[in-house]
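A short worksheet on the structure shown next.
Proteins get letters first, then strands, A, B, ... in listed order; numbering begins at 1 in each. Just the heavy atoms: all of them, side chains too, but no hydrogens, waters or symmetry mates, feed the values below.
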There are 2 protein chains.
Amino acid sequence: VAFEDPGYSVTVSNAAARAGISAVPVPVDESGVDVSALSASGARAVVLTPAHQWPTGVVLSPQRRLQLAEWAAGCDGTIIEDDYDAEFRYDREPVGAFQGLAPDRVAAIGTVSKSLAPALRLGWVVCPPGLAPLVVEEKALHDRGSPVIDQLAFATLVQSGRFDRHLRRMRASYGRRRAALVDALAAHAPKVSLTGLAAGFHAVAHLPGEVAEQAVIAAARERSVGLYGMSEQRADRSLSPSQLVLGFGNLSERAIASGIASVGDLLRG
Amino acid sequence: VAFEDPGYSVTVSNAAARAGISAVPVPVDESGVDVSALSASGARAVVLTPAHQWPTGVVLSPQRRLQLAEWAAGCDGTIIEDDYDAEFRYDREPVGAFQGLAPDRVAAIGTVSKSLAPALRLGWVVCPPGLAPLVVEEKALHDRGSPVIDQLAFATLVQSGRFDRHLRRMRASYGRRRAALVDALAAHAPKVSLTGLAAGFHAVAHLPGEVAEQAVIAAARERSVGLYGMSEQRADRSLSPSQLVLGFGNLSERAIASGIASVGDLLRG
């Protein structure tokens, strides 16, 4: 099974190892996962985040999507599409799920961990009919099913329309938090560029060439500001350029502004 | 890993197979699991229901408990003690958990599936400190933890004393249901003997020699009465004497009485 690099390398590798499968990294560029590299890897399955790549924040380009569908058709491949923050786009309509392009090749995963709370532990898999019995069997072996009351409560929330209202309200709120991050960086560290879609709960900050990722993180920690490096998300940490993955989902606009202000000198280099 | 026969053969075998371990049955008699047979099996771990064996309903005798502790000490063995219906004894105080005899050898499992509802999917493992990190790692790989709101609600129920009140009320209720089963069998099929502790939600009915288990089950189904055979719970079904595992937990006293009355002629043979 292949996974995106940078990406969920530890999660995928641990799960694959437990299943007796080897996991191989495939590089991600500004158009998403490199499908030629995927093809060359020999993997028959791949875990992807096409709508908003974790952690680079890029979207899988239309051309790559077509290549990916061809890859899957050519090698009887399976794509595990993790649409982990599908509900949160701030500047435009969400891109369609890749699943729509190749429904017989894709297991699409969704979750309420981002839209409601990770504490609920609710998610779903939309997979080809042929895979469904195997997924059900595996789930039953692990836990004999998820809590029923939580599922019924979520269904009620959706059916009543209150889930949609919650999403609209939170989209506006998270959008303001992202704007606060953009504004704070422009004010305090204008040489730091920010990439990734206006979506989800994180953006990637590219540090000036002379600023070392780990040094900035350590110095910020001394000031009680938690920063996280892109290198942690890479299969080979030594190859990582100096980048930060900045989360803005669980912080107020005020906290974002004051946090960036207090580490501005570090980010400027 | 060894498992009790009769017992949870399918559950244990499937889980063991997934972990790359072979599962071996060990016979149960009226004193509980046969520890000499366990010792001879070469297994280094065993899944047991010592307080109220599933499905025979017997309790593991004091002598067998000592043998079991010796077995575990002698082979560095692990006992997985499934105390699945610990809260429900109708005629006496519950026997102590085996875990108390050999706390460094036992992983004791509890659940709210019987005391509240299987729909909650809440349980716990009390294990030796050395095993805890491995259990936590395995749990994290499977599901990254159980739903938090349900756990907090259960903690509130326990702390408030309402869980204890619920158990007292339900013990009385289930005790009456078991008494209804005993009375109905005495009235309609006096040759059928009932064994197993006055505990939990099931009892074992021993059919007269000339009555075939599967024939009774099929004929009862024609009359819309669901009966379950002991042979389904055995590793080798062909060796099973003619016995039924009668559940009384989710039926009213009236339903129990009328159900037994309507199949009394089948049980009498």
Worksheet item: Within residues 43-52 of chain B, which positions have a heavy-atom distance to chain A below 4.5 Å?
Response: none
Discussion item. Looking at B:F163, I'd like to know if its CZ atom is crowded, meaning that more than 12 non-hydrogen atoms belonging to other residues, nucleotides or ligands lie closer than 6.0 Å.
Written reply: yes
Discussion item. Quick check on the structure: residues of residues 137-155 of chain B within a heavy-atom distance below 4.5 Å of chain A, by number.
Written reply: B:E137, B:E138, B:L141, B:H142, B:D143, B:R144, B:G145, B:S146, B:P147, B:V148, B:I149, B:D150
Worksheet item: Which of residues 103-136 of chain B get closer than 4.5 angstrom to chain A, counting heavy atoms alone?
Response: B:A119, B:L120, B:R121
Response to the item:
Taken in chain and number order and not counting sequence neighbours, the residues that satisfy ring pair (Phe, Tyr, Trp, His ring centres under 6.0 Å) with B:F88 are B:Y174, B:F201
